[in-house]
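Proteins come first, then strands; the chains are lettered A, B, ... in the order of their sequence lines, and each starts at number 1.
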Amino acid sequence: MAPKICALCQNAKAILKRPKTGQQICKDCFFYVFETEVHNTINEAKLFSRGDRVAIGASGGKDSTVLAYVLKTLNERYDYGLNLFLLSIDEGITGYRDDSLETVKRNQQQYSMPLKILSYDELYGWTMDRIVSQIGKKNNCTFCGVFRRQALDRGAALLNVDHIVTGHNADDIAETVLMNIMRGDIARLGRCTSIVTQGEDTIKRSKPFKYAYEKEIVMYAYFKKLDYFSTECIYSPDAYRGHARTFLKDLEAARPSAIIDIIHSGEAFEIREEIRANQKAQQTCTRCGYMSSNDLCKACTLLEGLERGMAASGITDRARKKLDAEGPAPDNIRTIPFFQPPSGHPLVAVETTA
Amino acid sequence: MSFRIMWSNQTFPPTLIMSSITLRVEFGGGLELLFSNIKQHKLTLPSIVPSNNGTKLNGEVLSGGETKPADVEYLMHHLRDNLLQERPELFMEDNTVRPGILVLINDTDWELEGEGEYALKDNDEVVFISTLHGG
């Protein structure tokens with residue numbers, strides 16, 4: 001087969017077929033369009049202001065590694081004036097997270113960005129290894145997901161950042177749209193396609209890769225020879241998401257625009273006023289001060305169940321009633337330190353590159 | 001290099017041909033875990049292979065059956081049948097790679113090279129990268 005010529009520069013050999021457009025482009029044009037599209041996403045959504053302190057939620061995986069590299073590049077190229085940080089959560093999973101954190105530590109050197117690692121152990125007093133040894137592999141993703149979300153916010157507060165960016169890509173968002181439809185989760189369906197989420201007293205979060213295809217992120221990492229970690233979590237992955245993912249990949253193989261089309265469909269849903277009125281208002285957790293839709297936030301509920309040896313109480317109503325029947329939480333159980341939203345001064349000294 | 005008598009629809013009557021190609025194969029993005037956790041492999045394939053991608057005839061005379069030049073589709077079957085150690089369904093599905101695995105032929109997206117039908121040449125490099133692992 002004769003080499004194909006780049007559809008953009010009409011000069012170099014094409015090395016990639018873009019899933020979004022079907023265009024065949026060369027390596028340099030690919031780098032340029034990939035970076036420029038992320039820049040346009042950032043601009044159109046007005047994600048940043050000059051002087052912002054921005055934490056990149058960094059797992060050591062492909063998405064956050066490419067995000068850190070691209071944000072550093074764009075911050076320099078377009079003079080955004082951002083202070084960038086790496087923020088990693090150590091869930092305490094031996095043989096998985098400890099290895100991926102080594103990748104993040106290399107990224108810290110490679111990109112000269114300060115790094116903060118916050119562990120479940122220091123925040124909650126439990127590692128995922130210990131949680132799984134108590135509750136088994138079923139439902140452990142619930143604990144991990146709830147704990148990670150709050151840990152990221154708390155890590156961001158410690159760094160005193162204005163904003164957390166995550167590496168969620170177009171494929172992830174399309175998957176979430178499908179999952180929320182299949183679960184009938186109207187509230188999440190309404191907000192899962194937003195590029196920015198921000199509660200009243202929570203830290204702004206955004207997804208600069210909202211429109212970036214996973215294929216292009218992986219190709220970018222490959223051609224730039226970026227250092228990332230790729231191993232499946234050793235505790236069973238989220239099975240429901242796995243089905244959505246397989247389905248989405250099959251759709252993409254048949255029609256690559258399916259991913260962006262599903263995101264557009266998700267954006268176009270409108271939630272009727274009477275449905276929205278039934279949704280619970282946000283409040284703050286009476287025990288730890290984190291945002292919550294009940295008196296106790298989900299993390300405090302799960303932690304109390306673990307501490308009292310009744311971990312299922314955070315998962316099923318039946319187990320919750322059993323726990324309530326045993327009386328109020330004892331005073332001596334481990335609780336999460338009270339949440340302090342950013343106050344203007346970093347609460348910790350962050351490690352900077354040597 | 002091996003010498004082999006081959007009966008194929010392209011070389012008729014049967015002739016003595018120099019009939020192998022050497023390839024570099026690389027796995028990434030976690031796919032190497034299915035292949036003894038080794039990322040880079042060097043391997044030799046016969047240059048003419050069964051059209052049905054059967055991989056059990058190595059070293060034997062191909063007689064009667066249809067043949068074709070070794071292509072990427074055959075390479076995938078060869079890797080699955082000879083190098084893969086576990087969970088073949090995570091590598092292949094319906095005669096091609098599982099959706100979500102990217103393939104590069106000499107550092108070019110295989111979608112630009114004819115995908116499975118690309119006829120392999122001596123010293124080609126083929127890279128398989130999984131996108132399915134957590135990010």
Any side-chain heavy-atom pair of L178(A) and F247(A) under 4.5 Å: yes

Would you say the side chain of R241(A) lies within less than 4.5 Å of the side chain of E175(A), judging by non-hydrogen atoms? yes

Do any N or O atoms from the side chain of N82(B) and from the backbone of L79(B) form a donor-acceptor pair under 3.5 angstrom? no

By a 4.5 Å heavy-atom criterion (distance strictly below it), what part of I105(B) contacts chain A: side chain, backbone, both, or neither? neither

Side chains of D109(B) and I15(A) in contact at under 4.5 Å (non-hydrogen atoms): no

Applying a strict 4.5 Å limit to non-hydrogen atoms, the region of T246(A) in contact with chain B is side chain

Sort by residue number and list every residue of residues 215-227 of chain A having at least one heavy atom under 4.5 Å from chain B. K215(A), V218(A), M219(A), Y222(A), F223(A)

Hey, does S59(A) have a side-chain heavy atom less than 4.5 Å from the side chain of R97(A)? yes

pair P50(B)-T67(B): side-chain heavy atoms closer than 4.5 Å: no

Below 4.5 Å, heavy atoms only, C-beta onward: do Y118(B) and E73(B) meet side chain to side chain? no

